[in-house]
**Q** 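Encoded as structure tokens, here's the structure I'll be asking about.
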Protein chains: 2
Amino acid sequence: MQQPSATSKMTKLKVLFLTSASIKEIPDHIPEFQQFSQDFEMVYHEVTTAEAFIDSLQNDPKLQDFSGLYLTGAFSVMGRDFSQFIPYFPDTLKVASFPWVGAESFRPDLFKERGILVGNVGDGSADDVADIALSLTLSAFRFTSYLESRLRESGDTNQARNTLGSYELDPKTKMPALAPMDNDRTKGVHLGGKHVVSPRGKVAGIIGLGAIGKAIAVRLNAIGMSICYNKRTALSQAELDSFSFPLTYVESIDELLPQLDLLVLAVPHSPQTVNLINEESIKLVKPGIRIVNVGRGSAIDEEVLLKALDDNVVTSFASDVFQHEPKIDERFLKRFDVALLPHMGPYTTDNFQGNHKRVMRNIAGVLKGVDPRELGIINL
Amino acid sequence: MQQPSATSKMTKLKVLFLTSASIKEIPDHIPEFQQFSQDFEMVYHEVTTAEAFIDSLQNDPKLQDFSGLYLTGAFSVMGRDFSQFIPYFPDTLKVASFPWVGAESFRPDLFKERGILVGNVGDGSADDVADIALSLTLSAFRFTSYLESRLRESGDTNQARNTLGSYELDPKTKMPALAPMDNDRTKGVHLGGKHVVSPRGKVAGIIGLGAIGKAIAVRLNAIGMSICYNKRTALSQAELDSFSFPLTYVESIDELLPQLDLLVLAVPHSPQTVNLINEESIKLVKPGIRIVNVGRGSAIDEEVLLKALDDNVVTSFASDVFQHEPKIDERFLKRFDVALLPHMGPYTTDNFQGNHKRVMRNIAGVLKGVDPRELGIINL
């Protein structure tokens, strides 16, 4: 019988782990990392400038024969363009992986030319982002964000609710006026002229039905909405069968918008998704539509949106992303008919630790000969 | 062939509809009310004082032979005790109904002694209240309420997020301190020492599994939680079969609390539910539990809760109801680890209009001979 320790010492492959002075992100409190650090010889290297890193790649003996590259946000101290280092990696490098989704800085195609696989975290954050979309949807229908702010100010539930039933804005504050004393609740629940309704029985349209959009669909179905979607190609029958409820494909956005009580944007940034909601498309919406955005802020022309909110063409807007992020257009900040979150979709312990587990799985998988199609490899 | 108009004029039964100067709630913009007003002879009567109403019941010829009684909040100008009028109702009265759930002011038992059926709206608002429980749950896990307030203050997504990653409170503001510069996200996402996690894969326990609790269970399942519940008797197999996921019955609350990442209270006010969460029971919870309350504020001893929030025994509290409502304990108002809504669970147009449809259905149903067991009658 072989002695595992002796064997593993002889055959351990090296994994380069980049750190920086400002960003330490060594996942040694994640139990899986203990095993990973035993399975491979970990080489920790602190980066400073691009020039220094290229020099190390050329001359530092520790950096001549690594097989895996474990990336964290530390690389960003050298600038955004990571692809500049690709020519200097040793021929032993088989796989590089990072604990997030976007590969913009990495040029996976150039890695591929050198035969190096690149892995990301795939759909790992879909549920967490979809939870934020659900929270925003509930706020868009029920105005929880505004009503909570009133309760925090007044400390009294009756006072906090005393604008529910109002049809106008206070001319000074531009916030909902007090409800008239003889308010008849059977006319419905209004708030500064906006309608407070249940999402139940209403129609939601999701643009972008990837992993996030699908997770959103499941949640909106649970609150009683019927689901339409638009994407480049319709779901296959097998994909549809994985849902316990029907999803209706609408081929064009122009056809989709007039049907919706709620529009949910879950699209990535691309030339096709910039200003999806613009002066022309806003004319097509069903008046009173609510809009939720958890994709990219660039999908909405915010000038057009602000006017549509004023005109009550759009009842409410609830968003985790903004056109000029990190700055928010000041006109949003004081509105009662918007809910605003700070691009926090993926911010959970589960997601951040899960992402590292996926990096370990990508690197260990490739180096141990697992079929890369079963891993999160994006440049096959 | 009979002429329907002539016939109906001869046979129309009277329905008394109470109004008051301050509360007009005549649902004549609800389409179903057109039909209802044609099917019955509507007698509108404005009430002022209890004495005046008793006088009218005894002497006003219009109030001597009504068969149905349609109640709205208007009755409350005469005080809370509606049962005082029961002896004065004519023998022709067969059914009284009101557009809400609670029958506290009505003594359905005394109505029964006179052979008058009493109807309420049953489970009509369950989905709307459950939506609020879901919104509060997401806030309890993700701290959306605090992060939105930071974004509204700063107008900058990066600044709004710069406390995510902090392990302490700022000693001055008692709000989360800034995250340390070398914050390692793989340690998890913290906020002032509280843990920001996904609800996915965590255990929720619902106390009170009536219509609202069941609607909450469906929603929490959709965000990936597993569901335990406590109520007097376990669900029948037929009830369990109506869910597409398992629910685990836990017979005692003492046994339930140590298992939960999230406690959801959906119990009505009763001697058994007052101070369910108290000095003894808080010792049983799994440290770090989150608590959501959409039942009655009396279920929680808020002194005990506030201490548990400070001690991090309870991570967060998110509630639509409060112990001393309408006043909120001031200490809650500035906390970052609570989400506060102004008892708004049932406030939607759908619910308020749906409740009137249920009143019409109760009254018309009884008077047209529908089996009362198929209606919302509560004193059979």
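For clarity, every value in this text was computed on a predicted model and none was experimentally measured. Lettering follows sequence order; numbering is per chain, from 1.
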**Q** Donor-acceptor pair, B:Glu25 side chain versus A:Asp184 backbone, under 3.5 Å?
**A** no
**Q** Side chains of A:Glu148 and B:Val338: closer than 4.5 Å at any heavy-atom pair?
**A** no
**Q** In terms of heavy-atom pairs under 4.5 Å with chain A, which of B:Ala160, B:Pro99, B:Gly155 leads?
**A** B:Gly155
**Q** Using non-hydrogen atoms only, which part of B:Lys357 is less than 4.5 Å away from chain A: side chain, backbone, both, or neither?
**A** neither
**Q** Enter the distance from A:Leu134:CG to B:Arg142:CZ here, rounded to the nearest 0.5 Å.
**A** 11.0 Å
**Q** Using non-hydrogen atoms and a 4.5 Å limit, figure out which bit of B:Phe332 sits close to chain A: side chain, backbone, both or neither.
**A** backbone
**Q** Inspect the contact between B:Asp28 and A:Lys187 and indicate whether a charged nitrogen and a carboxylate oxygen are less than 4.0 angstrom apart.
**A** no
**Q** Please find the pair of heavy atoms, one from A:Thr349 and one from B:Gly188, that lie closest to each other, and give the distance.
**A** OG1-CA, 3.2 Å
**Q** Looking at CD of A:Glu325 and OG1 of B:Thr157, how far apart are the two atoms once the value is rounded to the nearest 0.5 Å?
**A** 4.5 Å
**Q** Closest approach of A:Ser145 and B:Arg152, non-hydrogen atoms and distance?
**A** OG-NH2, 3.3 Å
**Q** Pick one of side chain, backbone, both or neither for B:His195, based on which atoms fall under 4.5 Å of a heavy atom in chain A.
**A** side chain
**Q** Find the one option among B:Arg200, B:Lys327, B:Arg150, B:Gln159 whose heavy-atom pairs under 4.5 Å with chain A are most numerous.
**A** B:Arg200
**Q** Quick one: does B:Arg161's side chain have a donor or acceptor within less than 3.5 Å of a partner on A:Pro342's backbone?
**A** yes
**Q** Measure B:Thr144 against the heavy atoms of chain A and call it side chain, backbone, both or neither at under 4.5 Å.
**A** both
**Q** Select one option (side chain, backbone, both, neither) describing which atoms of B:Leu136 are under 4.5 Å from chain A's heavy atoms.
**A** neither
**Q** Output, in order, the C-alpha distance, side-chain angles, deciding distance and verdict of side-chain contact (heavy atoms from CB on, under 4.5 Å) for B:Val189 and A:Phe352.
**A** CA-CA 8 Å; B:Val189 182; A:Phe352 286 170; 3.3 Å; yes
**Q** Could you tell me which of A:Val321, A:Asp131, A:Asn158, A:Thr137 has the largest number of non-hydrogen atom pairs under 4.5 Å with chain B?
**A** A:Asp131
**Q** In terms of heavy-atom proximity below 4.5 Å to chain B, should A:Ser22 be classed as side chain, backbone, both, or neither?
**A** backbone
**Q** Quick check on B:Leu164 against chain A: is it the side chain, the backbone, both or neither that has a heavy atom closer than 4.5 Å?
**A** side chain
**Q** Report which part of B:His343 has an atom under 4.5 Å of a heavy atom belonging to chain A: side chain, backbone, both, or neither.
**A** both
**Q** Given a strict heavy-atom distance threshold of 4.5 Å, which part of B:Pro346 is in contact with chain A: side chain, backbone, both, or neither?
**A** backbone
**Q** Using non-hydrogen atoms and a 4.5 Å limit, figure out which bit of A:Ile30 sits close to chain B: side chain, backbone, both or neither.
**A** side chain
**Q** Can you spot which of A:Thr348, A:Asn351, A:Asp128 makes a side chain to side chain donor-acceptor pair (under 3.5 Å) with B:Ser198?
**A** A:Asp128
**Q** Heavy-atom distance under 4.5 Å to chain A: side chain of B:Leu138, backbone, both or neither?
**A** side chain
**Q** Which one, B:Pro326, B:Ala339, B:Ala222, leads in non-hydrogen pairs under 4.5 Å with chain A?
**A** B:Pro326
**Q** Quick check for you: to the nearest 0.5 Å, what is the distance between B:His324 atom NE2 and A:Asp156 atom CG?
**A** 13.5 Å
**Q** Mind ranking B:Arg219, B:His190, B:Glu330, B:Glu153 by heavy-atom pairs under 4.5 Å with chain A and telling me who comes out on top?
**A** B:Arg219
**Q** Does any donor atom in the side chain of A:Gln353 or B:Thr186 lie under 3.5 Å from an acceptor atom in the other side chain?
**A** no
**Q** Can you give me the closest heavy-atom contact between B:Leu151 and A:Phe322, atom names plus distance?
**A** CD2-CE1, 4.2 Å
**Q** Among A:Asp329, A:Leu341, A:Asn355, A:Asn221, single out the residue with the greatest number of heavy-atom pairs under 4.5 Å to chain B.
**A** A:Leu341
